[in-house]
2 protein chains.
Amino acid sequence: MPNHLTKPLAALADPTRRQVFEALATAPMAVGTLAQHFPVSRPAISQHLKVLSDAGLVTVTKQGTRNIYCAEPDGLADLRAYLDGLWQDVLTSFGEAVEQDMKHA
Amino acid sequence: MPNHLTKPLAALADPTRRQVFEALATAPMAVGTLAQHFPVSRPAISQHLKVLSDAGLVTVTKQGTRNIYCAEPDGLADLRAYLDGLWQDVLTSFGEAVEQDMKHA
DNA sequence: TTAGATGGTTAGGCATGACTTACGGTAAGT
DNA sequence: ACTTACCGTAAGTCATGCCTAACCATCTAA
């Protein structure tokens with residue numbers, strides 16, 4: 001029951017917030033520059049960035065007045081590891097189901 | 001902008017619903033049997049299963065009065081593929097950042 | 001110092017989500 | 001046919017989430 005994945009999953013569940021992260025995954029960007037690419041206001045982007053930051057998916061570095069946000073690989077690594085574990089469970093579960101069908105035949 | 005991932009991500013974002021899916025990933029189960037493993041009511045589990053079903057993460061097969069829910073590999077495969085793509089983007093973005101630092105040195 | 005640019009924070013409204021209780025509907029056993 | 005078991009759905013409540021508008025703080029440039 002790895003509960004530390006709730007924040008990252010909830011963060012990527014929102015469409016606009018997921019797009020924000022996708023943009024940051026391509027290249028680091030400032031808040032204003034980021035907000036220009038989306039139809040929502042800048043405070044909304046700022047809140048999304050806070051959610052992504054609390055989820056461990058992005059990091060910030062101050063450059064004068066600009067805050068440059070950057071994607072954090074470790075956050076994604078945890079998600080990938082979790083899904084890989086689930087994937088193995090599902091596959092073995094399917095294998096056992098097939099085995100059951102064999103005995104029925 | 002793959003928007004078909006919103007439902008699966010939102011489905012796995014909820015803690016109890018994620019635990020439900022984890023249980024189904026281990027082995028198929030009926031609704032009542034599943035509800036006994038959680039502190040919430042059976043209708044709540046039923047609603048969670050509907051969300052997971054709409055997200056393409058589980059499938060149902062009727063056995064008399066019992067509805068057996070089973071994890072669906074294809075749904076997980078899409079999520080894994082999406083995260084793998086993001087992972088590649090983040091890595092190349094990091095590589096370019098290091099390259100920039102090289103030129104500064 | 002003054003003016004402009006950049007961005008985090010708050011308050012409020014509107015929608016969505018998770019849960020419980022109560023009900024209806026279907027299949028199996030007597 | 002009657003009862004029991006199993007499950008989905010509807011209505012209602014309480015909490016949370018996303019958004020905008022407005023305000024405030026900080027850094028830079030003239």
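Just so it is clear, the model here is predicted, and its values are computed rather than measured.
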Which pairs pass side chain to side chain donor-acceptor pair (under 3.5 Å) with one or both residues in residues 55-71 of chain B, sequence neighbours excluded?
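Of all non-adjacent pairs touching residues 55-71 of chain B, none passes side chain to side chain donor-acceptor pair (under 3.5 Å).
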If a pair satisfies side chain to side chain donor-acceptor pair (under 3.5 Å) and one of its residues is in residues 18-40 of chain A, list it, with sequence neighbours excluded.
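Pairs touching residues 18-40 of chain A that pass the test: A/Arg18-B/Thr6, A/Glu22-B/Tyr82.
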Enumerate the residue pairs fulfilling salt bridge (charged side-chain N to carboxylate O under 4.0 Å, His left out) with a member in residues 2-14 of chain B, sequence neighbours excluded, ordered by first and then second residue.
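Pairs touching residues 2-14 of chain B that pass the test: none.
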Let me know the distance between [atom1] of [X] and [atom2] of [N], rounded to the nearest Å.
X       : N      : atom1 : atom2 : value
A/Leu52 : D/dC18 : CG    : P     : 10 Å
A/Gln36 : C/dG7  : CD    : C1'   : 13 Å
B/Lys7  : C/dG17 : NZ    : P     : 11 Å
A/Leu12 : D/dG17 : CG    : C1'   : 16 Å
B/Ile45 : D/dT9  : CD1   : C1'   : 16 Å
A/Asp54 : D/dC18 : CG    : C1'   : 16 Å
A/Leu49 : C/dG7  : CG    : P     : 10 Å
A/Arg66 : D/dA29 : CZ    : P     : 10 Å

Find the bend of the helix from C/dT1-D/dA30 to C/dT30-D/dA1 as the angle between its two terminal axes (five pairs each), to the nearest 10°.
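The angle, to the nearest 10 degrees, is 20°.
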Going by salt bridge (Lys or Arg N to Asp or Glu O under 4.0 Å), name the residues that satisfy it together with B/Asp78, two or more places apart in sequence or in a different chain.
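Counting only residues at least two positions away or on another chain, B/Asp78 forms no salt bridge (Lys or Arg N to Asp or Glu O under 4.0 Å).
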Check this for me, if you would: do A/Lys50 and A/Asp54 make a salt bridge, where the nitrogen-to-carboxylate-oxygen distance has to be below 4.0 angstrom?
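Yes, charged N to carboxylate O under 4.0 Å.
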Side chain to side chain contact (heavy atoms under 4.5 Å, CB included) partners for [X], two or more places apart:
X       : result
A/Ala35 : A/Arg42, A/Ile45
A/Pro43 : A/Ser41
A/Val51 : A/Ala11, A/Arg17

Distance-minimising heavy-atom pair for A/Phe21 and A/Ala71:
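Taking A/Phe21 first and A/Ala71 second, the nearest heavy atoms are CE1-CB, 4.0 Å.
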Is any side-chain N or O of A/Asn67 closer than 4.0 Å to OP1 or OP2 of C/dT6?
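Checking C/dT6 against A/Asn67, no side-chain N or O comes under 4.0 Å of OP1 or OP2.
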Would you say a side-chain N or O of A/Tyr69 is under 4.0 Å from OP1 or OP2 of C/dG8?
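For A/Tyr69, the contact criterion (side-chain N or O under 4.0 Å from OP1 or OP2 of C/dG8) is met.
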Can you check each nucleotide of nucleotides 18-30 of chain C against protein heavy atoms at under 4.0 Å and return B for base, S for sugar-phosphate only, - for none, in 5' to 3' order?
SBBBB----BS--
